[in-house]
Amino acid sequence: MRKPIIAGNWKMYKTMDEAISFMDALTGKLKESDQADTVICPPAPYLATLVEKAKGSTVRIGAQTMHEEVEGAFTGEISPTMLKSIGVEFVVLGHSERRQYYNETDESVNLKVKSAFEHKLTPIVCVGETLEQREGNETSAVVSDQVKKAFAGVNETDASSSIVAYEPVWAIGTGRTATAEDANEVCAQIRTVLTDLYSETVAQAIRIQYGGSVKPGNIEELLSMSDIDGALVGGASLDPESFAALVEAGSNV
Ligand code: 13P
């Protein structure tokens, strides 16, 4: 049985004051008995503060991206060791917005994934098809290819601890969620690809999240599916009330 993992990707939202108020409100709402892993991925300037705020709670902190190198002349970038040195535990890699606006490719995502493992950060590896690809019946091929390329050269032990997020691009921020059945079908395909790459045991250990317009009203159905082990949430992670409701739903699976 895989433990559900609910992660909030705040993207480029909130001031520092708002981030702190959110953490205070969220930690007050989470219950000791909550069974889901809970991760917040705030904008980079708030990472260190939120790591401190999260201490003593069940919330863990993730970054939204990182550079693959440890250091160097890469203006504006953040390295895995920098994240590690402030207590960050997770990093979202290959989000479709990074692929679309910042030229991230399957190859650069693979470098980042390998670097994350090397520096003991848990990557949340994002894959997903565009609307055009879905309508062209290319979903399976596109997503399989993204998974294979992201995990190229990653060993079994590292792969077992990773998290994959299936986020159909057309469902992100649009209010349009994939049906639970469609989302599950792709998540199951991802698991088959991971079985072929590694083994049944490794593939069964990897947690696969669904992301794209997840809300308190649809999370239960999504999480009831056999191959959906959590959610990567944008909009509905910005409000402590709704995010706490998502974590609670993840704890009741
Ligand atoms: P929304 O939940 O706002 O659709 O965003 C999903 C997402 O991109 C999470 O990474």
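The residues of the chain are indexed from 1 along the displayed sequence. Both ligands and their constituent atoms are indexed starting at 1 by order of listing.
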Pairwise ring pair (Phe, Tyr, Trp, His ring centres under 6.0 Å) hits with a residue in residues 46-85, at least two apart: His67-Phe74
Whether Phe22 and Phe243 hold their rings parallel, tilted or perpendicular, with breakpoints at 30° and 60°: tilted
Partner residues of Tyr13 under the ring pair (Phe, Tyr, Trp, His ring centres under 6.0 Å) criterion, sequence neighbours left out: none
Close-range residues for ligand 1, whose non-hydrogen atoms fall below the 4.0 Å threshold: Asn9, Lys11, His95, Glu167, Ala171, Ile172, Gly173, Gly212, Ser213, Leu232, Val233, Gly234, Gly235
salt_bridge(Lys114, Asp158) N-O dist < 4.0 Å: no
Expected output: side-chain Thr195 to main-chain Ala203 donor-acceptor under 3.5 Å: no
Within residues 79-115 or reaching into it, pairs that qualify as ring pair (Phe, Tyr, Trp, His ring centres under 6.0 Å) - sequence neighbours excluded: none
